[in-house]
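One structure is given here, and the rest of the page talks about it.
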Amino acid sequence: QQQVKQSPQSLIVQKGGIPIINCAYENTAFDYFPWYQQFPGKGPALLIAIRPDVSEKKEGRFTISFNKSAKQFSLHIMDSQPGDSATYFCAASEGTDKLIFGTGTRLQVFP
Amino acid sequence: ETGVTQTPRHLVMGMTNKKSLKCEQHLGHNAMYWYKQSAKKPLELMFVYSLEERVENNSVPSRFSPECPNSSHLFLHLHTLQPEDSALYLCASSYLTGRDSGYTFGSGTRLTVV
């Protein structure tokens, strides 16, 4: 009930490609869905977040798509760059505290 | 720096040692968290402090003991750890429920238990 399942575990794309990372959840009480980006040697940093009253949110090259009926949400990175190479975590919570995180996706973007 | 500072960055300790991890934030946040990050596993929530009171303890072994003396500081006291406790320990802070500014994480303490 508390799990957030994330896939794929790793992803390799060429510069300009559109990597997509998917997450699924079970707890219908979850109402806050953030994505975090983590570079080596650093802690995760908030990238973008969505609430279930909208189906899509864009911030720069990052887009979250949200499907409430399927209990799934995904991160799309448009025109990916080598600097986007990092580990991405989805998360979910009821309210904005006590986040439950996915297992992470290691993204590598090659020039 | 993100505004959340963790010290030390690296720690190697024997199973019989006692050590403490420190976390400090001056963002005006009123909730603080300890997470454990192990390879290929989700970030595991260990402890939550809200307004300096512990509100969550996720079945963490007693060899981990948190302390939150004020809203800006959080400690994790360690004693008689096991090798499987080796991981990256992350501190985070946030506002209480109601704001979407999310968590601010520190860079973590890489702990190795030998």
Side-chain angles (χ1 to χ4, degrees), chain A residues 1-11 21 23-27 29-54 57 59 62 64 66 75 86-106, chain B residues 1-10 21 23-25 27 29-51 53-59 74 87-110:
Chain A
Q1 190 79 352
Q2 289 293 314
Q3 271 189 321
V4 176
K5 296 182 180 179
Q6 182 172 348
S7 63
Q9 190 173 24
S10 63
L11 195 50
I21 305 171
C23 284
Y25 63 98
E26 292 292 327
N27 188 343
F30 287 156
D31 61 0
Y32 175 67
F33 304 90
W35 285 89
Y36 282 78
Q37 180 189 55
Q38 185 178 25
F39 293 106
K42 301 290 186 182
L46 178 66
L47 192 60
I48 185 173
I50 197 169
R51 292 221 180 241
D53 53 344
V54 297
K57 183 174 181 179
E59 284 187 8
F62 300 92
I64 299 180
F66 185 81
L75 177 70
T87 300
Y88 292 82
F89 294 92
C90 63
S93 68
E94 186 177 352
T96 55
D97 59 347
K98 300 178 201 171
L99 287 172
I100 307 299
F101 284 86
T103 49
T105 296
R106 186 182 175 206
Chain B
E1 288 294 337
T2 63
V4 177
T5 303
Q6 288 189 245
T7 55
R9 291 296 306 274
H10 301 272
L21 311 184
C23 176
E24 186 172 353
Q25 63 93 8
L27 300 169
H29 290 165
N30 45 21
M32 296 187 79
Y33 314 82
W34 280 115
Y35 276 87
K36 176 182 179 182
Q37 185 173 28
S38 306
K40 298 184 180 179
K41 293 178 70 175
L43 276 75
E44 300 171 54
L45 178 62
M46 300 176 71
F47 300 104
V48 179
Y49 276 83
S50 174
L51 297 173
E53 287 192 23
R54 190 192 310 180
V55 296
E56 183 118 356
N57 175 352
N58 274 3
S59 303
L74 184 65
L88 180 69
Y89 288 84
L90 289 162
C91 172
S93 67
S94 74
Y95 292 109
L96 290 175
T97 305
R99 302 194 194 194
D100 285 2
S101 50
Y103 288 11
T104 301
F105 281 89
S107 295
T109 295
R110 174 68 62 184

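Excluded from the calculations below are hydrogen atoms, water molecules and symmetry mates; all remaining heavy atoms, backbone and side chain alike, are included.
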Query raised in the report: Side chains of A/Lys98 and B/Val48: closer than 4.5 Å at any heavy-atom pair?
Result: yes
Requested in this report: Measure distances from A/Gln6 to the heavy atoms of chain B and classify the residue's part below 4.5 Å as side chain, backbone, both or neither.
Outcome: neither
Query raised in the report: Measuring from B/Phe105:CZ to A/Gln38:CD, what's the distance to the nearest 0.5 Å?
Result: 8.5 Å
Requested in this report: Could you grab the distance from atom OH of B/Tyr103 to atom CG of A/Leu99, nearest 0.5 Å is fine?
Outcome: 4.0 Å
**Report entry** Test side-chain contact (heavy atoms from CB on, under 4.5 Å) applied to A/Ile100 and B/Glu44, step by step
**Finding:** CA-CA 8 Å; A/Ile100 307 299; B/Glu44 300 171 54; over 6 Å; no
Report summary line: Most contact-rich option vs chain B, by heavy-atom pairs under 4.5 angstrom, among A/Ala49, A/Pro34, A/Gly41, is A/Gly41
Report task. Tell me, for B/Leu43 versus chain A, whether the close heavy atoms (under 4.5 Å) come from the side chain, the backbone, both or neither. Result -> both
Query raised in the report: Which heavy-atom pair separates B/Pro42 from A/Phe101 by the least distance, and what is that distance?
Result: CB-O, 3.3 Å
Query raised in the report: Does any non-hydrogen side-chain atom of A/Phe89 lie less than 4.5 Å from one of B/Gln37?
Result: yes
